[in-house]
*Asks:* 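So that we are looking at the same thing, I have put the structure below in structure tokens.
One-based numbering, in listed order, for ligands and for the atoms of each. Numbers here are sequence positions counted from 1.
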Amino acid sequence: MIQVALLQTDIHFKEPLRNFETVGGLFEEAMAARQKPDVVILPEDWSCGFSQEMFHHMADFIEPEGGPSVSFLRDLARRHRVWVVGGSIGTQFSDGKMRNTTFLIDREGNIAGDYSKTHLYSDMDEDLPYSQGDRNAVFETEWGKVAFMICYDIRFCELSRGYALEGAEALIVTSNFPNPRLNHWKTLLTARAIENQMFVIACNRVGTSPMGSYFGHSLVIDPFGEILAEGGEKQEIVTAQVDFSAVKTIRETIHMFRDRQPHLYSRALLTPNTLQEERREALRRLSER
Ligand SMILES: O=C(O)CCC(=O)C(=O)O
């Protein structure tokens, strides 16, 4: 049984120091609770916010590997001896590529893994500066096997199914999911939990950005699809106890993984996405102008 704490923060656009202060304050509060968390989870882009404008001026936002945001979180993890899922941080990696990346940090402050957003939100031009992540790993921790999604990723059931087949027991989601799509947020996350028989632990932000407003409603959903905890629409800490043995219980009750019929599923799932190729071609032509 572990205790999770989701910091549902109000992120101030382009004000990292102010956001560090908010996260630092909520972190102390979470650690002072009677039930000390084992894992603290932050929302997507927790240190600088998110807007379409940002994707055209990345120099103002991007951090190098080991930059100030991840160093700040590693220090908190080490000081409080707690695991941290570092929301996401726009990071330029040593291969020169920029990615929207979540860092998994252990109790010693070491980076135990990272996940970069697979499905970039092209309707907001996120795919202009960012490269998609291409290592969708399941990570073994002292409390169970976990995998990650960032925001728009939750619309793509194929990714979470792959994680479940690789043994993930919990899907951790970090997000800037906006109004008015609360219905999508709750329905998609609940479906991901039920269809994969795993926990879904999803941290969303509140407040506003130049793009609009965010509804919070961070969620902890068990593998039966029951909501264990749900945030409101204000800044707060959402907590829940997560008992990973529930995954085994549901998987031994409804044998979905035994009954899958992959050879009968559509071959279209594996054919290349021509719409994406068209978008890449259009962007290439634009950049040549
Ligand atoms: O899928 C959505 O409705 C919103 C996605 C989004 O805002 C994002 O991925 O940043």
*Asks:* Is a side-chain donor or acceptor of Tyr115 paired with a backbone partner of Thr118 at a separation under 3.5 angstrom?
*Replies:* yes
*Asks:* Under 4.0 Å from any heavy atom of Phe50, which atoms of ligand 1 are there?
*Replies:*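 Under 4.0 Å from Phe50, ligand 1 has these atoms: 10 (O).
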*Asks:* Are Phe50 and Phe55, when compared by the centres of their aromatic rings, separated by less than 6.0 Å?
*Replies:*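 Under 6.0 Å, so yes.
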*Asks:* For Asn179 and Ser213, test the side chains for any donor-to-acceptor distance below 3.5 angstrom and give the result as yes or no.
*Replies:*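 Asn179 vs Ser213: donor-acceptor pair found between side chains.
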*Asks:* For atom 4 (C) of ligand 1, find the nearest protein heavy atom and state the residue, atom name and distance (0.1 Å precision).
*Replies:* Arg181 NH2, 3.5 Å
*Asks:* Which one holds for Met124 and ligand 1: side chain close, backbone close, both close, or neither close, with close meaning a heavy atom under 4.0 Å?
*Replies:*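 The answer is neither; Met124 stays 4.0 Å or more away.
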*Asks:* So, Tyr121 versus Asn100: side-chain donor-acceptor pair below 3.5 Å or not?
*Replies:*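 Short answer, no.
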*Asks:* Does Ser218 use its side chain to pair, donor to acceptor, with the backbone of Asn204 at less than 3.5 Å?
*Replies:*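 A pair under 3.5 Å: yes.
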*Asks:* Parallel, tilted or perpendicular: which one describes the rings of Phe27 and His80, with boundaries at 30° and 60°?
*Replies:* tilted
*Asks:* Would you give the length of the straight line joining atom OG of Ser51 to atom NE2 of His57, rounded to the nearest 0.5 angstrom?
*Replies:*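 Result: 9.5 Å between the selected atoms.
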*Asks:* Heavy-atom contacts under 4.0 Å between Lys117 and ligand 1: side chain, backbone, both, or neither?
*Replies:*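 The side chain, only.
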*Asks:* Considering only heavy atoms, does Asn176 approach ligand 1 within less than 4.0 Å through its side chain, its backbone, both, or neither?
*Replies:*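 The answer is the backbone.
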*Asks:* Is there any N or O on Glu126 that sits under 3.5 Å from an N or O of ligand 1?
*Replies:* no
*Asks:* Ligand 1 versus Tyr121, non-hydrogen atoms closer than 4.0 Å: side chain, backbone, both, neither?
*Replies:* side chain
*Asks:* Less than 4.0 Å is my threshold; does some heavy atom of His184 fall inside it relative to ligand 1?
*Replies:* no
*Asks:* For atom 1 (O) of ligand 1, find the nearest protein heavy atom and state the residue, atom name and distance (0.1 Å precision).
*Replies:*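 Here the nearest protein heavy atom works out to Arg155 NE, 2.7 Å.
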*Asks:* Would Trp185 count as a contact residue for ligand 1, given that I'm defining contact as a non-hydrogen atom of the residue lying under 4.0 Å from a ligand atom?
*Replies:*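 False for this residue.
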*Asks:* Just need the protein heavy atom nearest to atom 8 (C) of ligand 1, so name the residue and atom and give the distance.
*Replies:* Cys151 SG, 3.1 Å
*Asks:* Please round to the nearest 0.5 Å and tell me the distance separating atom NZ of Lys97 and atom OG1 of Thr91.
*Replies:*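 Atom-to-atom, Lys97:NZ and Thr91:OG1 are 15.0 Å apart.
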